[in-house]
Visitor: 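I'd like to ask you about the structure that follows.
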Amino acid sequence: MQINNTNTEVSRILKVGQKARKLQAETMKPFLMLHRGVNAVVNIDLNSVVNQFDFNTEDFQVYPGTAGKDKLRSAIADEYFLGKANPENLLITPGGISGLDITIQNLTTKTIALPHFFWGSYAQLANLRKVKVNTYPSLQSLIKYPHKYTNQLVVICDPGNPLGEKQPDEDIYNAIGRLEQENINVLVDSPYRRIFTDTKDDFHARLLEYSNVIIVDSFSKSVGLSGQRIGFLYAKDELFIKEAKQRLLYATNGVNAFAQELIYALLTTTEGKQAVTDFKKKTASNIAKNIDFLINNNLLSTEFYKNSKPLGIFACINKSEDELLKNNISSVSMSYFTLETEKYKNHSRICVSVPHEDFVKYMNLMV
Ligand SMILES: Cc1ncc(COP(=O)(O)O)c(C=O)c1O
């Protein structure tokens, strides 16, 4: 067959996982799996929510519509945007990754500007769609030299992946405002933020002030439902949404109706809201304790957090992937998250969203 080969690679995260699981089977010793980007402190308790569903209805059994269910788009407008977003500018996507891919395809921009340390899949997606990758050193550099990113799509991810760093919100707004003055588009992809915030957070609503912003968000991290493959995409630009909707139609025919009903119930019912609150509370408190443990035991790579605070769900540890693996901990080398692959190989990204007791048990071996 004549294949349109893009040489896009399998994520390093998947490869590390395969290696750790193989070692686990061979040595018959359990590993602490910290290479993944999932919340693993607790599961969200869905039983009370699902018990109320009537599955024998069109709501569950028939095409949900390309843009997503109207009631879910309205609920997202209310819950994330303080009721200020027009639901017509929102699309339900099968996870954040689909929103990212649609955005890259939709814009004519041929270069994407990523943070200095970036999630490797951004670069792989760019490669798949034949878009070049550039990086920017910091939000401050976007504020000072926005024109350097002319004709590029700037990506902001906060708290970040791989560092889990939280930058001041005002810096984010300033950077977006400066880029808007230069007609530069910004993709805000911050799926980790909502674990630590709730409906009172005005971040999404504040972003509505800028015409150059595209928002990609996901329920994979904020409510721990990566298995349901659901997220959303927002843009003020009507043509952007119209084209994005066509891409969604021909790639998906709409997002799984069950996932949409589930998220709708989590956002709007008393039981759903309680389940989300409990999940976030336990998750955030274990993450905070794990980060404190790293700090108190000099394991955090502090040089990466000079203008920011480590918040989670990831943190960077000053040990190599191999050192950690020898101690039955899977992680991902920082070389995977930067264009300077050699420079940071003695540091690794770990997921800190695991039960504190397990974390301490394994990490004590590294102290
Ligand atoms: C920064 C970032 N954006 C987007 C995603 C996409 O997640 P999903 O497609 O599960 O929503 C991830 C997943 O790891 C991520 O880390």
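When reading the values below, keep in mind they use all heavy atoms of this one structure, side chains included, and skip hydrogens, waters and symmetry mates. Every number for a ligand or one of its atoms is a count from 1 in the order of the listing.
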Visitor: Given that the side chain starts at C-beta and the backbone is N, CA, C, O, which of these parts of Y192 lies under 4.0 Å from ligand 1, counting heavy atoms, or is it both or neither?
Guide: side chain
Visitor: Can you name the atoms of ligand 1, numbered from 1 with element, that are less than 4.0 Å from a heavy atom of G95?
Guide: 9 (O), 11 (O)
Visitor: Can a donor-acceptor pair be found, under 3.5 Å and without considering hydrogens, that links the side chain of N39 to the backbone of S353?
Guide: no
Visitor: Compute both the distance and the angle, then confirm whether K148 meets the cation-pi test with Y145: under 6.0 Å from the six-membered ring centre, within 45 degrees of the axis.
Guide: yes
Visitor: Under 4.0 Å, heavy atoms only, figure out whether ligand 1 is touched by the backbone of S226, its side chain, both or neither.
Guide: neither
Visitor: Against the six-membered ring of Y336, is R349 placed for a cation-pi contact (under 6.0 Å from the centre, within 45° of the normal)?
Guide: no
Visitor: Which protein heavy atom lies closest to atom 7 (O) of ligand 1, and at what distance to 0.1 Å?
Guide: K221 CE, 4.2 Å
Visitor: Measure from NZ or CZ of R206 to the centre of the six-membered ring of Y173 and say whether it is under 6.0 Å with the direction within 45° of the ring axis.
Guide: yes
Visitor: Going by the order shown, which atoms of ligand 1 are within less than 4.0 Å of some heavy atom of S220?
Guide: 8 (P), 10 (O), 11 (O)
Visitor: Between G96 and ligand 1, is there a nitrogen or oxygen pair with a distance under 3.5 Å?
Guide: yes
Visitor: Yes or no: does C157 have any heavy atom under 4.0 Å from an atom of ligand 1?
Guide: yes
Visitor: Which atom names give the shortest non-hydrogen contact between T199 and L82, and what distance separates them?
Guide: O-CD2, 3.4 Å
Visitor: Judged by non-hydrogen atoms, does G231 sit under 4.0 Å from ligand 1?
Guide: no
Visitor: Determine, for Y80 and R194, whether the Lys NZ or Arg CZ falls below 6.0 Å from the six-membered ring centre while staying within 45 degrees of the axis.
Guide: yes
Visitor: Using 30° and 60° as the class boundaries, would you call the ring planes of F53 and F258 parallel, tilted or perpendicular?
Guide: perpendicular
Visitor: For atom 3 (N) of ligand 1, what is the closest protein heavy atom, and at what distance to 0.1 Å?
Guide: D189 OD2, 2.6 Å
Visitor: Just by modelled atom types, is the G95 backbone N or O under 3.5 Å from a matching donor or acceptor in the T93 side chain?
Guide: yes
Visitor: Considering only the protein, which heavy-atom contact is closest to atom 9 (O) of ligand 1, and what is its distance?
Guide: R229 NH2, 2.8 Å
Visitor: Got a salt bridge between D78 and R73, using NZ or NE/NH1/NH2 to carboxylate O under 4.0 Å?
Guide: no
Visitor: Please confirm whether N161 comes within less than 3.5 Å of ligand 1 when only nitrogen or oxygen atoms on both sides are compared.
Guide: yes
Visitor: Could you name the option among W119, F232, Y122 that has the heavy atom nearest to atom 12 (C) of ligand 1?
Guide: W119
Visitor: Which of the numbered atoms in ligand 1 are under 4.0 angstrom from any heavy atom belonging to S218?
Guide: 8 (P), 11 (O)
